[in-house]
Amino acid sequence: MSSHLTYSERARYCISTTGQRLLLLLDNKKTNLALSADVTKADELLVLADTLGPEICIFKTHIDIIQDFTPALTSELHKLARKHQFLLFEDRKFADIGNTVKHQYEDGIYRIAEWADIINAHSLPGPSVVKGLAESGRKYNRGLLLINELSSAKNLIDEKYQQQTLAMAEPYADFVIGFITQHAVSSDPHWINMTPGIKFHEKGDTLDQQYISPEQAILEKNTDIIIVGRGIYGADQPLSAAKEYREAGWSAYKQRTSHKKLASTV
Ligand code: S5P
């Protein structure tokens, strides 16, 4: 299992430069917290990026829920990403034939390929979805996450689907950096496993979201990055909430890597 290795140790195994950059950033900045910034106003999005930027490794957007979107928004986000050293992840969940997803990635009003370091896709359409996105993504040196598992109750993904998702990722390891998942997909150290559906003290919402804790994700399920939305931006004090999730995620990671190191010395 590679879960005892530090993020920087695992960076050496990456073929993707985005994957490598992210793993190094996690250890340098000492945070494995991704913020899911699911707000609907451009100014709210920018305030979140600027105030919570120092706490996070990734700022995850749903750019199509912004009511007052203009291209200036993504260039401002890009500036904040440089200022605070985080990556931008557009949670677009592409799920169509190669030719269509390529256009959805590069064209339209959002021009996602121009500003998002990371995107994600459902593996449902088969390799065509990865092939189509890779044509644009490789030009911009971007990273893709395949959706291996969902956090919503009674979703249709089963074990066979997950095995096929991993098999689909393997030939594209220069572009696919890992998975959106509830548990570590493989022991290969270069795959980065990111887990949404994280919240303290709550088991779910009224629309079938299911939550686990940062410790469950990092220590029990061996995933690498916790993705937190309403637990942070919905809190009375988002900055203190972000610090708490950061601390929980980071100490779980420190515990995981130090445990295994001790185990390997005996
Ligand atoms: O399985 C998933 C995959 C994703 S990317 N479950 C999820 O909840 N997400 C996303 O993570 C979802 O679209 C939302 O943006 C975020 C979770 O938000 P929260 O407010 O429930 O933490």
Side-chain angles (χ1 to χ4, degrees), residues 22 32-41 44-45 48-49 52 55-67 77 86-95 101 104-105 110 112 116-124 129 133 143-159 161-162 165-166 169 176-185 191-218 221 223-238 241-242 244-246 248-249:
L22 176 57
N32 52 14
L33 171 65
L35 174 71
S36 183
D38 301 335
V39 293
T40 55
K41 297 271 166 51
E44 287 175 36
L45 193 72
L48 283 177
L52 306 183
E55 309 299 327
I56 60 175
C57 57
I58 287 175
F59 188 80
K60 183 175 86 59
T61 52
H62 281 296
I63 206 68
D64 57 356
I65 67 172
I66 299 294
Q67 293 161 2
L77 276 181
F86 56 75
L87 300 191
L88 292 170
F89 167 14
E90 167 55 19
D91 185 2
R92 173 64 179 72
K93 297 189 182 72
F94 295 96
V101 294
Q104 290 171 327
Y105 188 17
Y110 300 118
I112 296 166
D117 301 290
I118 300 168
I119 49 160
N120 56 358
H122 285 289
S123 47
L124 185 71
V129 68
L133 292 169
L144 170 69
L145 297 162
L146 284 179
I147 295 166
N148 178 67
E149 230 178 341
L150 288 164
S151 60
S152 47
K154 298 185 187 158
N155 67 76
L156 303 182
I157 294 179
D158 61 15
E159 226 177 285
Y161 184 99
Q162 293 175 31
T165 299
L166 174 60
V176 180
I177 63 169
F179 304 91
I180 293 288
T181 185
Q182 297 293 304
H183 74 285
V185 168
W191 295 126
I192 304 170
N193 299 283
M194 302 194 195
T195 302
I198 303 275
K199 206 168 188 203
F200 292 136
H201 319 304
E202 269 172 54
K203 291 273 170 270
D205 68 7
T206 55
L207 296 174
D208 289 351
Q209 172 68 303
Q210 302 178 112
Y211 289 119
I212 58 172
S213 68
E215 292 78 10
Q216 280 171 300
I218 305 280
K221 310 285 186 182
T223 66
D224 302 311
I225 291 178
I226 53 169
I227 302 179
V228 185
R230 286 165 286 179
I232 294 177
Y233 70 80
D236 291 338
Q237 310 231 0
E244 282 174 40
Y245 280 99
R246 176 185 188 173

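Because the structure is predicted, anything quoted here is derived from the model rather than measured. Values below: all heavy atoms of this structure, side chains included; hydrogens, waters and symmetry mates excluded. Indexing begins at 1, ligand by ligand and atom by atom, following the structure's order.
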What protein heavy atom sits nearest [atom], and how far away is it?
{"atom": "atom 11 (O) of ligand 1", "value": "Pro196 CB, 3.5 Å"}
{"atom": "atom 16 (C) of ligand 1", "value": "Ser36 OG, 3.3 Å"}
{"atom": "atom 13 (O) of ligand 1", "value": "His62 NE2, 3.0 Å"}

inquiry  = If the condition is ring-ring contact (aromatic ring centres under 6.0 Å, His included), which residues does Phe86 pass it with, not counting sequence neighbours?
reply    =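 ring-ring contact (aromatic ring centres under 6.0 Å, His included) list for Phe86, sorted by chain: Phe59.
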
Ligand-side contact atoms (ligand 1) for residue partner [X], heavy atom cut-off under 4.0 Å:
{"X": "Lys60", "value": "10 (C), 11 (O), 14 (C), 15 (O), 16 (C)"}
{"X": "Asp91", "value": "5 (S), 10 (C), 13 (O), 15 (O)"}
{"X": "Ser151", "value": "1 (O), 2 (C), 6 (N), 7 (C), 8 (O)"}
{"X": "Arg230", "value": "19 (P), 20 (O), 21 (O), 22 (O)"}
{"X": "Asp38", "value": "14 (C), 15 (O), 16 (C), 18 (O)"}

| Between CD1 on residue Ile225 and CG on residue Leu33, distance to nearest 0.5 Å |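 Answer for the CD1-CG pair, Ile225 versus Leu33, is 9.5 Å.
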
* Please determine if Asp38 and Arg230 form a salt bridge, counting it only when a charged side-chain N lies under 4.0 Å from a carboxylate O. =>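 Salt bridge between Asp38 and Arg230, a charged N being under 4.0 Å from a carboxylate O: no.
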
- Task: Answer yes or no: is there a donor N or O on one side and an acceptor on the other, between the side chain of His62 and the main chain of Asp91, under 3.5 Å?
- Result: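 Yes: the side chain of His62 pairs with the backbone of Asp91.
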
Checklist entry - Just by modelled atom types, is the Ile218 backbone N or O under 3.5 Å from a matching donor or acceptor in the Asp224 side chain? => result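 Not confirmed, Asp224 side chain does not pair with Ile218 backbone.
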
For Gln210, which residues count as a side-chain contact (heavy atoms from CB on, under 4.5 Å) partner, sequence neighbours excluded?
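Expected list: Ala153.
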
Exercise for the section: Could you tell me if the ring centre of Tyr245 sits under 6.0 Å from that of Phe200? Expected result: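 Tyr245 vs Phe200: aromatic centres under 6.0 Å.
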
Margin query: Does Lys93 have more than 12 heavy atoms from other residues, nucleotides or ligands lying within 6.0 Å of its NZ?
Written below: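 Yes, the 6.0 Å shell around NZ holds more than 12 heavy atoms from other groups.
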
Indicate yes or no: does an N/O atom of Gly229 lie under 3.5 Å from an N/O atom of ligand 1?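 So ligand 1 has an N or O lying under 3.5 Å from an N or O of Gly229.
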
Give a yes/no on ligand 1: does Lys93 have at least one heavy atom closer than 4.0 angstrom to it?
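Contact check Lys93 vs ligand 1: positive.
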
task = Measure the distances from the heavy atoms of Lys199 to every atom of ligand 1 and state whether one is below 4.0 angstrom.
result =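 Per 4.0 Å heavy-atom rule, Lys199 does not contact ligand 1.
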
Using a 4.0 Å heavy-atom cut-off, which part of Ile180 comes near ligand 1: side chain, backbone, both, or neither?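 The answer is the side chain of Ile180.
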
**Message:** At under 4.0 Å between heavy atoms, is it the side chain or the backbone of Gln209 that contacts ligand 1, or both, or neither?
**Reply:**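 It is the side chain that gets close, since no backbone atom is under 4.0 Å.
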
* Evaluate the side-chain contact (heavy atoms from CB on, under 4.5 Å) criterion for residues Ile180 and Glu149: first the C-alpha distance (whole Å), next the side-chain angles of each, then the deciding distance (0.1 Å), finally the verdict. => CA-CA 6 Å; Ile180 293 288; Glu149 230 178 341; over 6 Å; no

